[in-house]
**Student:** 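Before I ask anything, here is the structure I am working with.
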Amino acid sequence: MGSSVRPFICAANWKMNKTPKEAASFMKELSLSWPEDTDKEVIVFPPSLCWREVRDGVRDLPVTWGLQNAYPEKSGAFTGELSMSMLAEIGGQNVLVGHSERRSYFHEGAEFLAAKVKAAQEEKLVPMLCVGETLDEREAGETNQVITQQLEEGLASVDGSRVFHIAYEPVWAIGTGQVATAEIAQEAHAVLRGKLQKLFGKEVAEKTALLYGGSVKAKNASELSRRPDIDGFLIGGASLNPSDFLEIIKVS
Ligand code: PGA
């Protein structure tokens with residue numbers, strides 16, 4: 001749905017799924033079944049290796065793409081990494097930062113994430129900073145404190161005058177089938193928008209898209225999308241199949 005000032009964003013996070021061939025076939029199907037009348041902004045985050053298939057696939061669609069990860073330094077001895085400038089050069093426009101899987105499996109900490117946000121903006125990319133509490137933190141009543149702290153730390157060096165996106169992804173809802181209720185998600189989003197306002201003022205808080213992520217499916221997307229502070233979805237499992245992904249785009 002989206003508010004009048006913010007377009008609604010549907011973003012696909014494929015994680016470590018799809019070979020280049022599979023990515024090409026997804027993009028073909030997406031293009032064939034594209035709903036011409038949609039007003040959604042769509043972003044695809046493929047595995048880095050599939051960038052060419054996704055770039056070629058979005059050529060005739062109002063869709064942007066980016067990587068799930070990029071390194072904050074411009075170049076140098078960082079074996080296995082890709083830089084923000086490399087991403088910018090090949091036409092990517094977005095980059096995920098601080099997904100909970102990167103925070104937990106790859107031990108990415110606050111300063112490093114803030115450096116990524118800054119480096120992304122310096123290359124004119126749009127960073128999507130992910131924040132979210134674990135089940136233990138929610139049960140201990142620490143949700144608001146955890147997510148506002150992750151927000152503040154991740155945005156420590158952000159340029160508020162340039163676009164950035166936030167994704168609220170409660171860790172207990174990611175890949176578990178246990179979606180946050182629309183009330184829970186709206187409450188967290190309102191807290192995050194309030195924090196954005198404190199940090200950057202009303203204008204930035206009002207124009208910044210806050211996406212929800214964690215077991216979004218076509219069957220729960222419609223209700224979630226009707227909440228005033230839910231401006232989009234970051235979709236993992238249900239973005240792997242073009243018809244599931246398109247259905248979410250249609251019902252949101
Ligand atoms: P999920 O993943 O939709 O499979 O829960 C969301 C994400 O991790 O971005």
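We count ligands from 1, going down the list as the structure has it; atoms in each ligand are counted the same way.
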**Student:** At a 4.0 Å cut-off, with the gap strictly under it, does some heavy atom of K217 reach an atom of ligand 1?
**Tutor:** no
**Student:** Hey, what do you get for CD (E133) to OG1 (T143), rounding to the nearest 0.5 Å?
**Tutor:** 4.0 Å
**Student:** Could you list which atoms of ligand 1 come closer than 4.0 Å to a heavy atom of L234?
**Tutor:** 6 (C), 9 (O)
**Student:** G214 heavy atoms, cut-off 4.0 Å: which ligand 1 atoms fall inside?
**Tutor:** 5 (O)
**Student:** Assert yes or no for the condition that the ring centre distance of F112 to Y71 is strictly below 6.0 Å.
**Tutor:** yes
**Student:** Looking only at the side chains, is there a donor atom on one of Q186 and D229 sitting less than 3.5 Å from an acceptor on the other?
**Tutor:** yes
**Student:** With the threshold set at under 4.0 angstrom, would you say A167 reaches ligand 1 through any of its heavy atoms?
**Tutor:** no
**Student:** Can you name the atoms of ligand 1, numbered from 1 with element, that are less than 4.0 Å from a heavy atom of A173?
**Tutor:** 5 (O)
**Student:** Using modelled atom types only, decide if a donor and an acceptor are shared between the side chain of S225 and the backbone of S222 within a distance under 3.5 Å.
**Tutor:** yes
**Student:** Could you name the option among S239, A238, G175 that has the heavy atom nearest to atom 5 (O) of ligand 1?
**Tutor:** G175
**Student:** Decide whether K116 and N69 meet the rule of one side-chain donor and one side-chain acceptor closer than 3.5 Å.
**Tutor:** yes
**Student:** I'd like to know if E206 pairs up with R193 as an ion pair, taking the criterion as any Lys NZ or Arg NE/NH1/NH2 lying under 4.0 Å from an Asp or Glu carboxylate oxygen.
**Tutor:** no
**Student:** Which residue owns the protein heavy atom closest to atom 3 (O) of ligand 1, what's the atom, and how far is it?
**Tutor:** G236 N, 2.9 Å
**Student:** Need the ligand 1 atom indices (1-based, order shown) with element for anything under 4.0 Å from a heavy-atom of H99.
**Tutor:** 7 (C), 8 (O), 9 (O)
**Student:** Between S100 and ligand 1, which residue portion shows a heavy-atom distance shorter than 4.0 Å: side chain, backbone, both, or neither?
**Tutor:** neither
**Student:** For atom 7 (C) of ligand 1, which protein heavy atom lies nearest, and how many Å away is it?
**Tutor:** E169 OE2, 3.1 Å
**Student:** If you measure every N or O of T176 against every N or O of ligand 1, does any of those distances drop under 3.5 Å?
**Tutor:** no
**Student:** Which one of R226, K207, K40, R6 satisfies the salt bridge (charged side-chain N to carboxylate O under 4.0 Å, His left out) criterion with D231?
**Tutor:** R6
**Student:** Examine the side chains of H99 and E169 and answer whether a donor and an acceptor come within less than 3.5 Å of each other.
**Tutor:** yes
**Student:** Would you mind listing which atoms of ligand 1 come within a distance below 4.0 Å of any non-hydrogen atom of I174?
**Tutor:** 2 (O), 5 (O), 8 (O)
**Student:** Backbone, side chain, both or neither: what part of N13 comes under 4.0 angstrom of ligand 1, heavy atoms only?
**Tutor:** side chain
**Student:** Mind checking whether F26 and F233 sit in one hydrophobic cluster, side chains of I, L, V, M, F, W, Y counted as touching below 4.5 Å?
**Tutor:** yes
**Student:** If we only count N/O pairs under 3.5 Å, is G237 in contact with ligand 1?
**Tutor:** yes
